[in-house]
Enquirer: 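Please find one structure pasted underneath; my questions will follow.
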Amino acid sequence: MPAHADNSLTEQALSALEERVTELASRCTRLSEENQALQRQLQQLQHERGSLLEKHELAKSRVEAMIHRLKAMEETP
């Protein structure tokens, strides 16, 4: 095989490798950005969940208080 053929194959292999590395670096950047967005979304959802749990407890307390008042009204002649 002539020397220029070896060089041509080596250049093609290096070019393909460079293209693949560039693609992987780009994919890594995209995944990192997506991961950060998902982490922000998770944090927001956890905060929202905490807020909803507080509202649920407040509503539960109010309903229980109303039930107690109604029972007290029934017992009063």
Side-chain angles (χ1 to χ4, degrees):
M1 185 178 280
H4 71 283
D6 281 342
N7 285 341
S8 178
L9 289 175
T10 303
E11 286 295 322
Q12 288 176 350
L14 286 175
S15 179
L17 180 60
E18 181 181 12
E19 189 176 316
R20 184 74 173 130
V21 168
T22 301
E23 179 185 325
L24 288 172
S26 175
R27 185 176 296 175
C28 186
T29 300
R30 262 193 335 270
L31 289 173
S32 179
E33 290 169 355
E34 183 180 342
N35 187 36
Q36 289 175 357
L38 288 170
Q39 287 177 350
R40 284 190 300 270
Q41 184 181 15
L42 175 62
Q43 200 170 34
Q44 180 183 7
L45 289 171
Q46 287 173 334
H47 177 72
E48 184 179 340
R49 181 181 184 271
S51 178
L52 290 172
L53 286 173
E54 286 180 26
K55 288 179 182 181
H56 176 268
E57 286 301 316
L58 179 61
K60 181 180 172 183
S61 296
R62 287 181 177 176
V63 169
E64 288 174 350
M66 283 190 276
I67 291 171
H68 289 303
R69 284 194 303 266
L70 289 171
K71 285 183 179 181
M73 290 172 69
E74 285 179 350
E75 294 172 0
T76 306

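If you read the sequence from its start, that first residue is 1, and numbering goes on from there.
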Enquirer: Using a side-chain heavy atom cutoff under 4.5 Å and only I, L, V, M, F, W and Y, what cluster partners does Val63 have?
Expert: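 Other cluster members: Met66, Ile67.
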
Enquirer: Distance-only, no hydrogens or angles: does the Ser32 side chain make a donor-acceptor pair with backbone N or O of Cys28 under 3.5 Å?
Expert: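 Checked: no pair found.
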
Enquirer: Step through the shown structure and confirm whether more than 12 heavy atoms of other residues, nucleotides or ligands are within 6.0 Å of CD on Glu19.
Expert: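 It does not: Glu19 CD has 12 such atoms or fewer within range.
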
Enquirer: Would you call Glu23 and Arg27 a salt bridge, using N to O less than 4.0 angstrom?
Expert: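 A salt bridge is present here (some side-chain N lies under 4.0 Å from a carboxylate O).
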
Enquirer: Could you check whether any side-chain N or O of Thr29 sits under 3.5 Å from a backbone N or O of Ala25, counting only pairs where one atom can act as donor and the other as acceptor?
Expert: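 Checking the backbone N and O of Ala25 against the side chain of Thr29, a donor-acceptor pair under 3.5 Å is found.
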
Enquirer: How far does CD of Glu33 sit from CG of Leu31, to the nearest 0.5 angstrom?
Expert: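 With rounding to 0.5 Å, CD (Glu33) is 9.5 Å from CG (Leu31).
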
Enquirer: From Leu24 CG over to Leu17 CG, what is the distance, rounded to the nearest 0.5 angstrom?
Expert: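 Rounded to the nearest 0.5 Å, the CG-CG separation comes out at 9.5 Å.
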
Enquirer: Side chains of residues 36-56: which donor-acceptor pairs under 3.5 Å do they make with residues two or more places apart or in other chains?
Expert:
none

